[in-house]
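These numbers were taken from a predicted model, which means no experiment stands behind them. Positions are given from 1, in the same order as the sequence printed here.
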Amino acid sequence: MSIILRANKVPQALVDGLSAGNEIIALDRLSPEKYHEIEIILASGESVVNDALINKLPHVRLIAVFGVGYDGIDIYAAQQRHITVTNTPDILTDDVADLAIGLMLSVARRINDAQRFIERGSWQNGSYPPAVKISGRRLGIVGFGRIGRAVARRAQGFDMQIGYYSRSQSAIEGVTYFPSLVSLAENSDVLMVCASGGKESHHLINKEVLDALGHDGIIINVARGSVIDEAALLAAINMNHIGGAGLDVFADEPHVPQAFYQRENVVITPHIGSATQATRAAMAKLVMDNIAAFQAGQPLLTPVI
Ligand code: 8YV
């Protein structure tokens, strides 16, 4: 039995599963009397667990993240306090990569806009205009970890010419490494953001990169909103300096700038990369298994640090 602080909303099944043997306190209900009782923080990919919060809770030993990304967790503060952090890698890779491909196709082939065209009755007056071909085009992947590589494998099925930019070079047959993000963007028809969030990748996609992608280029983001300079992207969209955008993540979720709405060349989704029933259930199980291992004093399944 542990007292768990829930930093963010997580699926009810996970809360129910953990409630069986533990007490769960939501962050907005946390009172100072409870500070010294909290042993575990349950976070999500969107949570902000900063040093101020960590330092209020002297007995925390585990931060269990329901998600692969842990950019909202102050890892340095956790390390200083000998707190272990776990996440849910691998099991969501396929779903995020699937959505990335879906967004790319939706933007290029204008699938959402074509549906709106039917719904507003415009088909009676003529055909929908031709859109952008994807098969055989150039795909630039920013961040070549598990998700970036899963996107590359899928894109190979579309005969795309694949390049990537990443902190480290890793050989994959038929995929070209670019040492500069601007040169990758210059040589891409679609730029796919799969990099981890955090300080290092903050606004990696800026005006210069968007300019290099060019007015026919499409940008897709399934990583973190922070990786793109959203103001620069909005300006590029407004001035038709970019061909289109498919965005699952935003700088200030759940707030999405209205300027992204109702555009034929922009497709937006509410951070649903890992949101399939099967994957969310697997993520919840992995979080519970990590917490159970921690409580039993056994090795954790997926520790980050
Ligand atoms: C989840 C995510 O949406 O894995 C991540 O890093 O951002 C997503 O899978 C999130 O953690 C659930 O709230």
Side-chain angles (χ1 to χ4, degrees), residues 94-120 122-123 125-144 147-166 172-178 180-195 205 209-223 227-228 232-249 260-269 272-273:
D94 283 340
D95 280 350
V96 179
D98 290 351
L99 185 77
I101 297 290
L103 287 172
M104 172 177 74
L105 294 173
S106 294
V107 174
R109 300 301 305 270
R110 304 282 194 263
I111 295 175
N112 291 18
D113 191 58
Q115 176 167 346
R116 291 194 287 255
F117 174 86
I118 294 178
E119 288 168 355
R120 64 175 177 258
S122 302
W123 201 4
N125 308 320
S127 317
Y128 191 78
V132 175
K133 184 175 171 98
I134 279 295
S135 286
R137 305 296 291 278
R138 300 167 305 167
L139 173 66
I141 302 177
V142 182
F144 211 55
I147 294 172
R149 287 196 287 262
V151 168
R153 286 194 298 275
R154 283 156 176 74
Q156 283 172 333
F158 290 88
D159 297 325
M160 296 187 87
Q161 303 158 51
I162 303 163
Y164 75 95
Y165 168 80
S166 180
I172 286 201
E173 207 181 321
V175 177
T176 310
Y177 171 72
F178 283 77
S180 130
L181 182 49
V182 169
S183 68
L184 177 70
E186 274 167 356
N187 289 285
S188 297
D189 299 304
V190 178
L191 198 62
M192 181 84 77
V193 184
C194 301
I205 309 293
V209 175
L210 294 169
D211 285 347
L213 182 59
H215 56 79
D216 290 329
I218 291 173
I219 185 135
I220 305 296
N221 190 3
V222 290
V227 184
I228 299 186
L233 176 59
L234 273 169
I237 289 170
N238 276 329
M239 293 184 295
N240 290 324
H241 286 176
I242 194 165
L247 308 168
D248 185 47
V249 287
F260 286 132
Y261 293 13
Q262 302 287 335
R263 290 183 183 268
E264 64 180 54
N265 60 346
V266 177
V267 176
I268 49 176
T269 49
I272 54 168

Between [Y] and [X], is there a side-chain heavy-atom distance shorter than 4.5 Å?
X      : Y      : answer
Asn240 : His215 : no
Leu99  : Asp95  : no
Met104 : Val151 : no
Ile205 : Leu210 : yes
Gln156 : Val175 : yes
Asn187 : Arg138 : yes

If every non-hydrogen atom of [X] is compared with every non-hydrogen atom of [Y], which pair is closest and at what distance?
X      : Y      : value
Gly143 : Cys194 : O-CB, 3.7 Å
Ile218 : Gly243 : CG1-C, 4.5 Å
Phe158 : Leu105 : CZ-CD1, 4.0 Å
Tyr128 : Arg110 : OH-CB, 3.2 Å
Ala245 : Ile237 : CB-CD1, 4.1 Å
Ala131 : Ala108 : CB-O, 3.1 Å

Donor-acceptor check, side chain of [X] to backbone of [Y], threshold 3.5 angstrom: yes or no?
X      : Y      : value
Ser180 : Ser183 : yes
Gln161 : Gly136 : yes
Asn221 : Leu247 : no
Arg149 : Phe144 : yes

Q: Mark yes when over 12 heavy atoms from residues, nucleotides or ligands other than Arg154 sit less than 6.0 Å from its CZ; otherwise mark no.
A: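 Yes, because the 6.0 Å sphere around CZ of Arg154 holds more than 12 heavy atoms from other groups.
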Q | Asp159 and Ser135: side chain donor to acceptor below 3.5 Å | A |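 Result is no, nothing qualifies.
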Q: Show your working on side chain to side chain donor-acceptor pair (under 3.5 Å) between Asn238 and Arg263 and close with a plain yes or no.
A: CA-CA 10 Å; Asn238 276 329; Arg263 290 183 183 268; 2.6 Å; yes
Distance in Å, [X] [atom1] paired with [Y] [atom2], rounded so as to fall on 0.5 Å steps:
X      : Y      : atom1 : atom2 : value
Ile219 : Ile228 : CD1   : CD1   : 4.0 Å
Ser188 : Ile162 : OG    : CD1   : 10.5 Å
Asn112 : Gln262 : CG    : CD    : 10.5 Å
Leu103 : Asp98  : CG    : CG    : 11.0 Å
Leu191 : Ile242 : CG    : CD1   : 8.5 Å
Arg120 : Arg116 : CZ    : CZ    : 7.5 Å

**Q.** Validation row, ring centre Tyr164 to ring centre Phe178 under 6.0 Å
**A.**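 That pair fails the under 6.0 Å test.
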